[in-house]
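For the numbers below, each heavy atom of this structure counts, side chains included, while hydrogens, waters and symmetry mates do not. All chains are named by letter (A, B, ...) in the order of the sequence lines, taking the proteins before the strands, and each is independently numbered beginning at 1.
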Amino acid sequence: MEYNFREVEKKWQQYWAANKTYKAENQSTKPKYYVLDMFPYPSGAGLHVGHPLGYIASDIFARYKRLKGFNVLHPMGYDSFGLPAEQYAIQTGQHPEITTKTNIARYREQLDKIGFSFDWDREVRTSNPDYYKWTQWIFIQLFNSWYNKKTNKAENISTLISCFESNGFKGTSDDILTGDLEIYHDGFTAEEWKNFSEANKEQVLQQFRLAYLSDTMVNWCPQLGTVLANEEVKDGVSERGGYPVERKLMKQWSLRITAYADRLLNDLEGIDWTESIKEAQRNWIGRSDGTSLKFKVENSSAEVEVFTTRPDTIFGVSFVTLAPEHELVAQITTATQKNAVDEYVTFAKNRSERERMADVKKITGVFTGAYVIHPFTGKQIPIWIGDYVLAGYGTGAVMAVPGHDSRDYAFAKHFDLPIIEVVAGGDLSKESYDAKEGKLINSDFLNGLEVKEAIKKAIAVIEEKGLGKGKTNFRLRDAIFGRQRYWGEPIPVYYKDGIPHVLKESELPLMLPEVDKYLPTETGEPPLARAKDWKYEGKYEYEYSTMPGWAGSSWYFLRYMDAHNEKTFVSKEAVDYWQNVDLYIGGAEHATGHLLYVRFWTKFLNDLGLIPVIEPAKKLINQGMIQGESAFVIICTFPKIEFFTKNKELKINNIPPIYISKGKALEIEKGNKVEIEKYLSFCNDILVEFNPDFKNYKFNDLQNGYKLTLTENCFHTGEAIPGSRTPIEYVSGKNILDIGHYSAWRAETYKNLGVDISKLVFKFYLEDDAQYICHREVEKMSKSKWNVVTPDTMVEQYGADCLRLYEMFLGPLELSKPWNTNGITGVSNFIRKLWRLYHQGQKNESQNSKEETFYISEEKASKDELKALHKTIKKISSDIENFSFNTSVSNFMICVNELTDLKCNKREVLEPLTIIIAPYAPHIAEELWNRLGHSESITYAAFPECNESYLVESSFNYPVSFNGKTRFFQEYDLSLTKEQVEKEVLTLEQTQKYLEGKTPKKVIVVHNKIVNIVI
RNA sequence: GCCCAGGUGGUGGAAUUGGUAGACACGCAGGACUUAAAAUCCUGUUAUCAUUGCGAUAGUGCGGGUUCAAGUCCCGCCCCGGGUACCA
């Protein structure tokens, strides 16, 4: 019998499930190893071929570690709160919980078919109340904590309260202030604190809690009644629906991640993550060291405080720029400039996102009429306002050094302000010289110093004179933690007299209530406000926003350790044993989202003494994205018809769009006259069909000098016309569209939009062979792009082992590439070839087929056979450790090819081979292992060691090159010294031929590598 | 603009510290087996020139450089992909 993967794979999948083969115990004498995948969001399109790429890699590693004697934790779960289910609920009225359950069931079925070694007893779902109970619990801990700058740790808010009770608070200058304080609170004495009302106390505490209410600028979309993320806003309108978006101040729950900025940055040093992810996080956190510096405003008591990283350029300051929102603007503006300033501030404030995006390069600003006094030279320096200065960063004011900052330079050039050179090395007539290199000039006491020394000296002098203070700023902003959505964790907060209170632990979970619709209320409140009688103790309003998508994923790695614990989020024993993730695999797109938040929560939980680790994952690998090949139809409307018909006073209505086949479209676009004629006559027929008056006209007559420009006027590919995307299941491998299915699908979507489809006609303009050819583009695989390929058909056709090997064989794990199945037969052949090694084929003459029976020899293996095996063991071991799974597959192929040539069927070779291949192709390995006479699963066998003695070579075939160019090969015993090889090579007849009678200048012999003769 | 990653045959890709460029596959071409097809096996396959055979030359995005030797190291540039948006 040929290898029957369907039977074998099913058999072992059932065996693994029945025997709980992959169950991990929370204690063991073995060393522990935790392999984690970023868990998926269960989308309605099902698992696509991109998902398993990382899962297969981590599964191979988990299985390898088990063979190496580790107690492996390899769990899987679902990030099951999220927008798509909610969107679907809005459209269909179906409860997101139902959709989510269905989707999860489908994911599970697909995952099971690929043979992953997950411990399913530990599955988590972030939308399950017994999971989100603990997400809410962690939120409460954040609410009840503040960040103590002195201990550099989060502490219970009670320690802050007792500090207020005994010492009061010194206001903005107090060093217990942390992070992204929006409003700097005035100072108060201990006595005053005691007399504060509860509301007043809470207002103060809100400035310190790690979870707090803040006023933040959000993208508000009135039509959708909701707040949108930056990525949901395109060109000032919502990506979905295209409704206008405005900036609005809103009370929102935020998390004070900025308190952890320094630790998040510094601790990157200790983790083995890819340099690109670490770099992305460093940039995101954006630490900049500099100094604050005060400039006195002339004829005023006011001071402008700026933040700068280049105090060395202080003598190059030629103006000061304030953000339009800066609090001093109104105060300092002179009477003569008042109108201009007011106008500009209004303009800048109302400038929509769209405008800002449209003219990023446009420089705007206005002079206030006021001046500051330069602290060292005493000169007058004008104060300007410019919207290139951001209110929310630093002090909202900059000292402009146009000579050495490109933005200041552009501003100075535009408004014709002086540019002073203070660092030598650039050409300021062309551009600013921003590099931190060179010697200071025109700078009084800094003259002659290198930039780095000058910075130090400048800060020292500034501090000495009390003008400012060395300071560090971060780009990182506090994380907004509320979403005006239904399908997320309810925030466990209720309001009593407008003061937020958190629920008691015993009151958790705060269940997501039922609502009649998943939409905002008429007054613009989030969907939870629709819930009937949903009040704390029947009278107090709950918080109506829910947590963001990243809440559940910020701690899930801990829950897997102790998934069913009802008493705590994770038991001390479990987390003390498993610690943190040893290997984490997932997409690089989470670099500054999930991967930063999960590090933040881990540090916070560690501060409270709840877990022993400060980082979630020791090692992180990013898998590349598997892209899809989207298909498009090319839609041509009649944009010019209206124009022509106006002149001719012809009326036409409801002309359908024409779907033009790609080959024809290209010809027409190229200006092929014959094709254009044909196409226009096709169009004319359609016009006549819709308005018989047209029969008197030839379309050609109408056009009258009209040049058909497909891209601009007529043809739309891609996004230009919604709906040009085509589900790839209606398009063949050769891009031929199944017109029947496509039309039916199209009609269905129109019907859902409420269009009367009884009169709907689709017009297809075909190729000469009567086929319709689609356009293809490579892009991200996603349900919305209709280009999802699921692994189901591949598993059905080739088996799980084949899919596993093939996805690895495609190329390096980290690389992104479009999905194609061109090479799958090679892998499929390999699996059959592997099977045949263990079986004896007998030709069955009568049926003209081959009978294969299991056939293994107990003889001692030959030297060549052992060499083939051990070479492979060595290579595979190093490949796995380096996550180079694609080369492993190649090497299995090489090994099997060699053993096939050697006709090797010896147990001594095939048994170890079965084990090393088991992590990659577990089903066939289990079957072969079983046939080899083992009753236990191969999962816990021992990974074979490489015996180097089989690999020792006695001779080497030296490539002999002349001036670096290889000419021939000569084999020498490895015992020969360099000198002996050199001598031997020079005596060769071939050498003499290439020397052409000349004496070599030099002969290089690298032992076991190469001989190079220089002439 | 800035940051990151990448660019090698018709295709996916391989090439530990600089040391035989193109492993392993796919595809293609030819052949064997077969009535035939499928499956399987064998041979060839970077390009150009030459060819009876031996070969010769060029070649890892482009231009320089270091070296006995460069896909690999250095300098400058181009292209594709990802991230980010005026962060002083």
Checking one value: the base orientation of B/G6, syn if chi is within 90 degrees of 0, otherwise anti.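 Base orientation relative to the sugar is anti.
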Rounding to an integer number of angstrom, what distance separates [N] and [M] when you compare their [atom1] atoms?
N: B/C68; M: B/G18; atom1: P; answer: 15 Å
N: B/A69; M: B/G55; atom1: P; answer: 25 Å
N: B/U60; M: B/A15; atom1: C1'; answer: 11 Å
N: B/A85; M: B/G7; atom1: C1'; answer: 27 Å
N: B/G59; M: B/A21; atom1: C1'; answer: 9 Å
N: B/G6; M: B/G71; atom1: C1'; answer: 13 Å
N: B/C73; M: B/U67; atom1: C1'; answer: 10 Å
N: B/C75; M: B/A56; atom1: P; answer: 36 Å

If we ignore hydrogens and angles and just use 3.5 Å, is the side chain of [X] paired with the main-chain N or O of [Y] as donor and acceptor?
X: A/His404; Y: A/Ser432; result: no
X: A/Tyr920; Y: A/Ile60; result: no
X: A/Asp879; Y: A/Ser888; result: yes

Can you measure [X] atom [atom1] to [N] atom [atom2] for me and round it to whole angstrom units?
X: A/Ile1013; N: B/U20; atom1: CD1; atom2: C1'; value: 15 Å
X: A/Lys1009; N: B/U16; atom1: NZ; atom2: P; value: 10 Å
X: A/Asn963; N: B/A69; atom1: CG; atom2: C1'; value: 10 Å
X: A/Leu53; N: B/G13; atom1: CG; atom2: P; value: 12 Å
X: A/Lys1002; N: B/A69; atom1: NZ; atom2: P; value: 9 Å
X: A/Tyr409; N: B/G1; atom1: OH; atom2: C1'; value: 16 Å
X: A/Ile1010; N: B/U17; atom1: CD1; atom2: P; value: 17 Å
X: A/Phe307; N: B/C86; atom1: CZ; atom2: P; value: 17 Å

Should [X] be listed as having a side-chain N or O under 4.0 Å from OP1 or OP2 of [N]?
X: A/Ser288; N: B/A88; answer: yes
X: A/Tyr958; N: B/U20; answer: no
X: A/Arg967; N: B/A56; answer: yes
X: A/Asn897; N: B/C24; answer: no
X: A/Arg310; N: B/A88; answer: no
X: A/Asn829; N: B/C26; answer: yes

For RNA chain B, produce a single dot-bracket line, 5' to 3'. Pairs: Watson-Crick or G-U wobble, both distances under 3.5 Å. Symbols: ( ) within strand, [ ] crossing, | other strand, . unpaired. ((((.((..(((......[....)))((((((.......))))))((((.....))))..(((((..]....))))))).))))....
Side-chain H-bond candidate by donor/acceptor type, A/Tyr393 with A/Ser288, under 3.5 Å: yes
Would you check, one step at a time, whether the test side chain to side chain contact (heavy atoms under 4.5 Å, CB included) holds for A/Asn1012 with A/Val1003? CA-CA 6 Å; A/Asn1012 190 17; A/Val1003 180; over 6 Å; no
If you find the nucleotide of RNA chain B closest to A/Thr887 and the one closest to A/Thr309, which residue's nucleotide is nearer the 5' end? A/Thr887
Which residue lies toward the 5' end of RNA chain B, A/Val1014 or A/Ile894, if each is placed at its nearest nucleotide?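 So the residue in question is A/Ile894.
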Restricting to non-hydrogen atoms, name the atom on [X] and the atom on [Y] that form the minimum distance, rounded to 0.1 Å.
X: A/Leu976; Y: A/His1007; result: O-NE2, 3.7 Å
X: A/Leu805; Y: A/Ala921; result: CD1-CB, 4.3 Å
X: A/Arg599; Y: A/Leu264; result: NH2-O, 2.7 Å
X: A/Leu837; Y: A/Cys904; result: CD2-O, 3.6 Å
X: A/Cys895; Y: A/Leu913; result: SG-CD1, 4.0 Å

Please write out each protein N/O paired with an N/O of nucleotides 46-49 of chain B under 3.5 Å, distance rounded to 0.1 Å.
none

Do A/Lys903 and A/Asp901 pass the salt bridge (Lys or Arg N to Asp or Glu O under 4.0 Å) test, and can you show the C-alpha distance, the side-chain angles, and the key distance before you say yes or no? CA-CA 5 Å; A/Lys903 298 192 169 35; A/Asp901 288 343; over 6 Å; no
Sugar-phosphate, base or nothing in reach of [X], heavy atoms under 4.0 Å:
X: A/Phe809; answer: base
X: A/Leu810; answer: sugar-phosphate
X: A/Thr825; answer: sugar-phosphate
X: A/Val1006; answer: base
X: A/Val389; answer: base
X: A/Asn957; answer: nothing

Tell me every residue that passes salt bridge (Lys or Arg N to Asp or Glu O under 4.0 Å) with A/Lys871, counting only those two or more places apart in sequence or in another chain.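 Counting only residues at least two positions away or on another chain, A/Lys871 forms a salt bridge (Lys or Arg N to Asp or Glu O under 4.0 Å) with A/Glu898.
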In this structure, is the centre-to-centre distance between the rings of A/Phe319 and A/Phe411 below 6.0 Å?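 So the answer is yes for these two rings.
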Proximity of A/Tyr972 and A/Phe956 rings by center, below 6.0 Å: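 That pair fails the under 6.0 Å test.
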Which residues pass the ring pair (Phe, Tyr, Trp, His ring centres under 6.0 Å) test with A/Tyr806, sequence neighbours left out?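 For A/Tyr806 the ring pair (Phe, Tyr, Trp, His ring centres under 6.0 Å) partners, ignoring immediate neighbours, are A/Trp819.
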Identify the pairs formed between an N or O of the protein and an N or O of nucleotides 50-52 of chain B at a distance under 3.5 Å, and give each distance.
none

Nearest listed nucleotide, side chain of A/Pro812, among B/A14, B/C86, B/U40: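 Closest nucleotide to the A/Pro812 side chain: B/A14.
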Got a second to check how far A/Ile876's CD1 is from A/Ile880's CD1, nearest 0.5 Å?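 With rounding to 0.5 Å, CD1 (A/Ile876) is 7.0 Å from CD1 (A/Ile880).
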Give a yes or no on whether A/Glu327 atom CD has more than 12 heavy-atom contacts from other residues, nucleotides or ligands under 6.0 Å away.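 For A/Glu327, atom CD is not crowded (no more than 12 foreign heavy atoms under 6.0 Å).
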Which atom pairs link the protein and nucleotides 2-8 of chain B when you take only N or O atoms and keep those under 3.5 Å?
{"from": "B/C3", "atom 1": "O2'", "to": "A/Asn283", "atom 2": "ND2", "distance (Å)": "3.2"}

